[in-house]
Amino acid sequence: MKLSKEQISNGVWILAIILIVFTPVGFHLRVLVNKLVAASADVVEVNEQDTLKNYHWSLVSTDGKPMNFESNRGKVVLVNFWATWCPPCVAELPSLVELHEDYGDKVDFAFVASDERDKVSAFLEKKGYQLPVFFEASQTPDEMVSKSIPATYIISKSGKIVVDEKGAANWNSESTRALLDSLLLE
């Protein structure tokens, strides 16, 4: 039986789709695509900014130490909800790592993982990321509840949520750095 060019072409496309959907190749391809399309995060219009009312949020670090989000009141904070199995999350992490390296002593960062601790720890070790990663121990404040990840919030010293970004973004952009610099001067 001789195959036609159309049958061979269809077979190649089916094989490519199977590779993308059912193998790690597909995960890495989705990460790459998210990196390529990620743009700078948008600032929420001043008249539309929510104020974080409830700082009573319990988190637990990867090494089991408790952290009450109340300790971040009056500071500039970046909160990122993510997971190791989420291609857009993995795609934006390198830009967040760079931002954390430069602003980690001025801005409080909280990377809140929606994943199993051992998977998160293995992922961080494999990538060599030194990030303050936490797991939720109580309910997320209403203003930061999202049905999707990644979800990232930048909170001003006065508690205003000035960035409310869903999906992958380039966090190491000049606009994000300028925003953080201006928030730190408040």
Side-chain angles (χ1 to χ4, degrees), residues 40-86 88-90 92-121 123-125 127 129-169 171-173 175-186:
S40 295
D42 295 323
V43 176
V44 177
E45 295 292 329
V46 173
N47 59 340
E48 295 179 13
Q49 291 178 357
D50 285 335
T51 300
L52 188 61
K53 297 171 191 74
N54 178 14
Y55 278 81
H56 300 290
W57 183 30
S58 297
L59 300 168
V60 177
S61 68
T62 53
D63 57 359
K65 294 180 183 168
M67 193 270 274
N68 189 333
F69 197 69
E70 181 70 38
S71 65
N72 293 306
R73 188 184 294 269
K75 300 177 183 178
V76 178
V77 184
L78 186 146
V79 179
N80 174 262
F81 293 89
W82 70 288
T84 62
W85 48 261
C86 164
C89 302
V90 173
E92 75 175 0
L93 269 177
S95 67
L96 284 162
V97 167
E98 290 179 35
L99 195 68
H100 177 259
E101 287 172 355
D102 291 344
Y103 284 87
D105 59 338
K106 302 173 202 157
V107 173
D108 282 4
F109 287 80
F111 294 89
V112 182
S114 301
D115 216 333
E116 297 173 18
R117 276 187 202 194
D118 57 339
K119 287 183 181 180
V120 171
S121 295
F123 175 85
L124 294 172
E125 186 175 327
K127 296 289 188 178
Y129 293 159
Q130 300 295 317
L131 299 171
V133 175
F134 301 93
F135 301 92
E136 293 187 279
S138 68
Q139 186 175 341
T140 305
D142 292 340
E143 298 85 3
M144 293 191 297
V145 170
S146 174
K147 293 181 181 178
S148 65
I149 56 173
T152 306
Y153 304 89
I154 296 178
I155 305 164
S156 71
K157 291 177 183 179
S158 62
K160 295 280 187 191
I161 298 175
V162 296
V163 172
D164 178 344
E165 186 75 23
K166 308 301 186 289
W171 294 101
N172 195 30
S173 67
S175 60
T176 300
R177 289 173 173 274
L179 172 65
L180 290 176
D181 291 340
S182 69
L183 292 174
L184 289 167
L185 294 174
E186 283 184 345

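Just so you know, residue 1 is the first one in the sequence shown, and it goes up from there. FYI, side chains are in, hydrogens and waters are out, and symmetry mates aren't considered; it's all heavy atoms of this structure. Because the structure is a prediction, the values reported are computed rather than measured.
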For the atom pair [atom1] ([X]) and [atom2] ([Y]), what is the distance rounded to the nearest 0.5 Å?
{"X": "Leu96", "Y": "Leu131", "atom1": "CG", "atom2": "CG", "answer": "8.0 Å"}
{"X": "Asp63", "Y": "Arg117", "atom1": "CG", "atom2": "CZ", "answer": "9.0 Å"}
{"X": "Glu165", "Y": "Leu78", "atom1": "CD", "atom2": "CG", "answer": "11.0 Å"}
{"X": "Met67", "Y": "Phe135", "atom1": "CE", "atom2": "CZ", "answer": "13.0 Å"}

Where is the tightest heavy-atom contact between [X] and [Y], given as atom of each residue plus distance?
{"X": "Leu124", "Y": "Val133", "value": "CD1-CG2, 3.6 Å"}
{"X": "Glu143", "Y": "Thr51", "value": "OE2-O, 3.6 Å"}
{"X": "Cys86", "Y": "Pro150", "value": "SG-CD, 3.8 Å"}
{"X": "Tyr153", "Y": "Met144", "value": "OH-O, 3.3 Å"}
{"X": "Trp171", "Y": "Ile154", "value": "CZ3-CD1, 4.0 Å"}
{"X": "Gln49", "Y": "Lys160", "value": "OE1-CB, 3.6 Å"}

- Answer yes or no: is there a side-chain heavy-atom contact under 4.5 Å between Trp85 and Asp115?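 Yes, at least one pair of side-chain atoms sits under 4.5 Å.
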- Task: Inspect the contact between Lys53 and Asp142 and indicate whether a charged nitrogen and a carboxylate oxygen are less than 4.0 angstrom apart.
- Result: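 So Asp142 does not pair with Lys53 through a salt bridge.
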Does any donor atom in the side chain of [X] or [Y] lie under 3.5 Å from an acceptor atom in the other side chain?
{"X": "Asn80", "Y": "Glu92", "value": "yes"}
{"X": "Asp108", "Y": "Tyr103", "value": "no"}
{"X": "Ser148", "Y": "Lys166", "value": "no"}

- Query: Which of these passes side chain to side chain contact (heavy atoms under 4.5 Å, CB included) with Leu179: Val43, Leu184, Val76?
  - Reply: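 With Leu179 as partner, side chain to side chain contact (heavy atoms under 4.5 Å, CB included) holds for just one option, Val43.
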- Task: Specify whether Trp82 and Phe123 have parallel, tilted or perpendicular ring planes, treating 30° as the upper limit for parallel and 60° as the lower limit for perpendicular.
- Result: tilted
